[in-house]
Structures are given as C-alpha cells and as structure tokens.
There are 2 protein chains.
Amino acid sequence: MLAIGRLSKDSGVKIPTIRYYESIGLLPPPVRSEGNRRMYPPEAVRRLRFIRHARELGFEIDAIRRLADLAQDPAQPCCEADLLARRRLIEIEEKISRLAAQRDELVRMIGDCTHGRIEECRVIDTLDDHAKCLHARH
Amino acid sequence: MLAIGRLSKDSGVKIPTIRYYESIGLLPPPVRSEGNRRMYPPEAVRRLRFIRHARELGFEIDAIRRLADLAQDPAQPCCEADLLARRRLIEIEEKISRLAAQRDELVRMIGDCTHGRIEECRVIDTLDDHAKCLHARH
DNA sequence: GCTACAATCTCCAGTCACTGGAGAAGCAAG
DNA sequence: CTTGCTTCTCCAGTGACTGGAGATTGTAGC
Ligand SMILES: [Zn+2]
Ligand SMILES: [Zn+2]
Ligand SMILES: [Zn+2]
Ligand SMILES: [Zn+2]
C-alpha cells in the first residue's frame with residue numbers, strides 16, 4: 001500500500017491531479033488509513049501511468065475512461081479501443097494542418113516585413129486584412 | 001452607429017464574445033443609447049475583425065491587446081509586433097512537433113494492431129507501457 | 001394605442017483539465 | 001514534546017469563451 005506522495009512519484013502524476021482524477025471517477029477511490037489518508041494498492045501506479053500516457057498522447061478524459069476500462073477486460077474485442085485511437089489520430093491531423101496553415105501565414109508576415117514603422121509593418125497589415133493571407137481560412 | 005447584432009454580423013464575432021471582450025478591456029466600451037443599448041462606431045468592425053483574425057492565427061488575448069494597440073499607433077517601430085509574431089511562430093512549431101510525435105505513435109499503434117482482443121491490442125498495450133513508444137517523450 | 005416578436009440588457013454558471021493556496025490534522029524522528 | 005513533513009478538505013483561479021434565465025427595450029403590423 002502506497003501513500004499518495006509515493007504514488008505521485010512512482011506514476012509521475014501530481015498529487016492534486018490524483019485527487020482530481022478520483023473526484024471525477026477516473027481513478028477508483030482507495031481505502032483510507034486510520035488517520036484518513038488514501039492508501040493505494042500497487043496496481044494504482046500502473047493505472048495512473050496508463051492515464052498519464054494517454055493524456056500525453058492527447059486523449060480526452062472521457063476517452064481515457066473507456067480505454068482504461070477496456071484495458072481491464074482482456075477478453076473483449078479491441079475495436080472500440082482502436083476506434084478511439086483512430087479518432088484521436090484524425091483530430092491530431094486536423095490540428096496539424098490548421099497549425100501548418102497558421103505557420104505559413106506567420107512565416108510570410110514576418111519574412112515580408114521590413115521592420116520599420118507600424119504603418120509599413122506586414123504583421124499588423126496582414127492582421128488588419130485577412131485578404132492578404134495565403135489561406136482562405138484558418 | 002451600429003447595434004451589437006449588426007456589429008456581430010459584420011465582424012463575424014458572436015454577441016456574447018463581443019461583450020466578453022469589452023469586459024476584459026480588449027474592446028473599448030461603446031456609448032449607450034437612451035435605452036442602454038451599446039452603440040458602436042463603424043471603426044469597431046475593423047478592430048473586431050483584427051482581433052478575430054489574430055485569434056484565428058492563435059494569438060493569445062494579451063498579445064492581441066498589444067497588437068491592436070500598436071496598430072493604432074502608425075509612427076511606432078514595429079519591432080514589438082514582429083517579436084510577438086515570432087513568439088507565436090515558435091509556439092506553433094513546438095505544437096506541431098509535439099503533435100507530429102503523437103501522430104507517429106498513434107499511426108504505429110493502429111497499424112500494428114491485428115484488431116483481435118484487448119489482450120493483444122497494440123493500442124492498449126502501448127498505452128500501458130511507454131517503453132513501447134518510438135519517441136522517448138511526448 | 002396595442003400586441004407580437006425581435007433584439008438587447010445584466011448576471012451567473014458551465015466548459016476542460018487541472019493547479020495551487022488556506023488552514024487543519026496526522027505522523028515520524030530526535 | 002516539539003519540529004517538520006505529509007496529507008486532508010474545501011475553494012478559487014486558469015483561458016477564452018458560451019449559453020441560459022429573466023427582464024427590458026425597440027419595432028412593425030393592425
Ligand atoms: Zn513589422
Ligand atoms: Zn488570414
Ligand atoms: Zn486494437
Ligand atoms: Zn509513449
């Protein structure tokens with residue numbers, strides 16, 4: 001059995017975050033010691049690492065809840081887990097293309113600016129009029 | 001003078017957002033009509049479009065506040081505006097590389113999975129152990 | 001003038017995923 | 001017993017909105 005500080009160190013998840021995950025039902029409430037301290041079984045480290053890893057890959061809490069539940073159930077088919085991963089992948093690709101478009105605009109704005117006064121600034125000028133952008137939408 | 005609904009349509013910024021921008025001091029409080037309605041000068045459309053455009057390029061409100069103020073002051077040197085743009089560009093590049101790393105992991109997880117049961121699922125398996133990832137960090 | 005209906009007003013709460021502070025209580029070592 | 005560390009609960013704040021409730025104002029048609 002581990003105290004919360006130990007669990008935090010072993011899993012790499014901050015103490016307030018662990019309590020937060022408990023409060024939203026992502027991490028099951030552990031037993032308490034006589035003095036009301038949370039006492040975790042060793043498996044909690046694994047679950048929390050799983051959660052952390054999924055968060056690092058950008059999964060939302062709801063998706064992680066499903067993924068973590070599925071991980072506990074080895075006989076189930078994995079199509080739902082794979083679907084969640086594919087959804088996340090699509091999301092990532094959309095984000096990347098949006099950011100790449102923003103990057104293109106900024107590179108151009110900065111590159112075209114002669115760095116004189118505001119009145120000739122390409123950055124301000126472009127922000128002031130989207131028609132001066134390469135991409136129709138951002 | 002435009003009412004808020006008109007301003008919203010002309011600028012593409014939703015009414016509650018316009019009021020929100022006023023509340024945080026990004027948009028100056030307009031004069032009011034006898035009946036306490038906000039009445040905007042035509043220039044408000046331009047300012048709001050500027051703000052919206054900068055938001056679409058991912059600038060934070062604080063940066064936009066500076067940029068919008070600088071835009072009003074044509075004689076100033078534009079180095080600060082350019083610096084804000086360069087900062088945003090760096091931020092974008094960092095985001096893209098983080099997302100690209102996530103994408104690589106997900107593509108591999110999904111591609112390697114034989115889509116059988118959870119116990120053999122590469123998605124769950126990889127989430128469970130970051131050592132199975134390509135990238136050391138995400 | 002009256003009646004709908006649309007537009008706007010203020011205030012407040014919710015979103016997401018944490019993060020941190022205040023103040024109190026428990027716990028281990030010297 | 002005291003000192004200092006850990007943990008407890010509760011609450012508020014983050015960023016940038018978003019939307020609902022309930023009240024008021026403006027406008028068009030009759
Ligand atoms: Zn410039
Ligand atoms: Zn643009
Ligand atoms: Zn699978
Ligand atoms: Zn990993």
Side-chain angles (χ1 to χ4, degrees), chain A residues 1-27 29-40 44 47-68 87-88 91 95 98 102 138, chain B residues 1-27 29-40 44 47-68 84 87-88 91-92 95 98 102 138:
Chain A
M1 288 291 178
L2 329 167
I4 198 167
R6 197 72 244 253
L7 177 61
S8 172
K9 262 163 207 143
D10 290 0
S11 65
V13 178
K14 287 183 190 164
I15 291 174
T17 306
I18 295 173
R19 289 197 278 246
Y20 169 70
Y21 286 161
E22 184 186 328
S23 81
I24 60 166
L26 181 56
L27 196 65
V31 297
R32 299 290 183 120
S33 73
E34 281 188 29
N36 198 36
R37 306 283 171 98
R38 290 170 177 84
M39 299 304 294
Y40 294 92
R47 175 139 179 141
L48 220 35
R49 279 211 188 120
F50 182 101
I51 293 167
R52 183 182 145 215
H53 197 200
R55 282 297 297 139
E56 283 168 353
L57 290 169
F59 287 95
E60 291 179 3
I61 296 289
D62 276 355
I64 297 173
R65 216 190 303 266
R66 280 306 291 147
L67 289 168
R87 282 217 196 107
R88 174 62 190 147
E91 204 179 281
K95 279 200 171 146
R98 241 175 292 131
Q102 292 180 14
H138 312 290
Chain B
M1 287 292 179
L2 327 167
I4 197 167
R6 198 70 243 257
L7 177 61
S8 172
K9 260 162 209 145
D10 290 359
S11 65
V13 178
K14 287 182 190 165
I15 291 174
T17 305
I18 294 174
R19 288 197 277 245
Y20 169 70
Y21 286 162
E22 184 185 327
S23 81
I24 60 167
L26 181 56
L27 196 67
V31 297
R32 299 291 184 118
S33 73
E34 280 187 31
N36 199 34
R37 307 279 171 99
R38 289 170 179 83
M39 299 306 291
Y40 294 91
R47 175 139 180 141
L48 221 34
R49 281 212 186 120
F50 182 100
I51 292 167
R52 183 182 146 216
H53 197 200
R55 282 297 298 138
E56 283 168 354
L57 291 170
F59 286 95
E60 292 178 2
I61 297 288
D62 276 355
I64 296 173
R65 214 190 304 266
R66 279 306 290 148
L67 289 167
L84 289 166
R87 282 217 195 108
R88 174 61 191 148
E91 205 178 279
I92 289 170
K95 280 199 170 146
R98 241 176 289 132
Q102 293 180 12
H138 312 289

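Below, chain A is the first sequence line, B the second, and so on; all start at residue 1.
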Can you check whether B:Y20 has a side-chain N or O nearer than 4.0 Å to OP1 or OP2 of D:dT18?
no
Whether A:T17 contacts C:dA17 is assessed here as follows: a side-chain N or O lying under 4.0 Å from the phosphate OP1 or OP2. Is that the case?
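No, A:T17 has no side-chain N/O under 4.0 Å of OP1/OP2 on C:dA17.
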Round to the nearest Å and state the distance from [X] atom [atom1] to [N] atom [atom2].
X: B:I64; N: D:dG15; atom1: CD1; atom2: P; result: 13 Å
X: A:L7; N: D:dC8; atom1: CG; atom2: C1'; result: 16 Å
X: B:K9; N: C:dA6; atom1: NZ; atom2: P; result: 12 Å
X: B:K14; N: D:dA16; atom1: NZ; atom2: C1'; result: 12 Å
X: B:I18; N: D:dT18; atom1: CD1; atom2: C1'; result: 14 Å
X: B:M1; N: D:dG26; atom1: CE; atom2: P; result: 16 Å
X: A:E22; N: D:dC8; atom1: CD; atom2: C1'; result: 12 Å
X: A:E56; N: C:dA17; atom1: CD; atom2: C1'; result: 14 Å

Specify the residue among B:L26 and B:E34 whose closest nucleotide of DNA chain D lies further upstream toward the 5′ end.
B:L26
Between B:I61 and B:S33, which residue's closest nucleotide on DNA chain D lies nearer the 5′ terminus?
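The 5'-side residue here is B:I61.
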Looking at every heavy atom in both A:M39 and A:M1, which two are closest together, and how far apart are they?
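Result for this residue pair: O-SD, 3.8 Å.
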What are the two closest heavy atoms between A:Q102 and B:E56, and how far apart are they?
NE2-O, 3.0 Å
Write down the protein N/O and nucleotide N/O pairs, taken from nucleotides 9-13 of chain D, whose separation is under 3.5 Å; answer none if there are no such pairs.
from: D:dT9; atom 1: OP1; to: A:R32; atom 2: NH1; distance (Å): 3.1
from: D:dT9; atom 1: OP1; to: A:R32; atom 2: NH2; distance (Å): 3.0
from: D:dT9; atom 1: OP2; to: A:R38; atom 2: NH1; distance (Å): 2.9
from: D:dT9; atom 1: OP2; to: A:R38; atom 2: NH2; distance (Å): 2.9

Here the side-chain hydrogen bond (donor to acceptor under 3.5 Å, both in side chains) pairs for residues 8-19 of chain A, sequence neighbours left out, are A:R6-A:D10
Side-chain donor or acceptor of A:R37 under 3.5 Å from a matching atom on the base of D:dT7?
no
Starting the side chain at C-beta, find the nucleotide from C:dT8, C:dA17, C:dG20 nearest to A:P16.
C:dG20
Do B:I64 and B:R55 touch side chain to side chain, with heavy atoms closer than 4.5 Å?
yes
Tell me which of A:F59 and B:G5 sits closer to the 5' end of DNA chain C, going by the nucleotide each one is nearest to.
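Nearest nucleotide further toward 5': that of B:G5.
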NZ/NE/NH1/NH2 to OD/OE distance under 4.0 Å, B:R87 and B:E91:
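Judged by the 4.0 Å cut-off on N to carboxylate O distance, B:R87 and B:E91 do not form a salt bridge.
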Closer than 4.0 angstrom, basic N to acidic O: yes or no for A:R38 and A:E22?
yes
In chain order, what residues pass the side-chain contact (heavy atoms from CB on, under 4.5 Å) check against A:R47, with sequence neighbours excluded?
A:L27, A:P28, A:I51, A:A68, A:D69, A:Q72
If you look at every strand shown and take non-hydrogen atoms under 4.0 Å, does A:I15 touch a base, only sugar-phosphate, or nothing?
sugar-phosphate
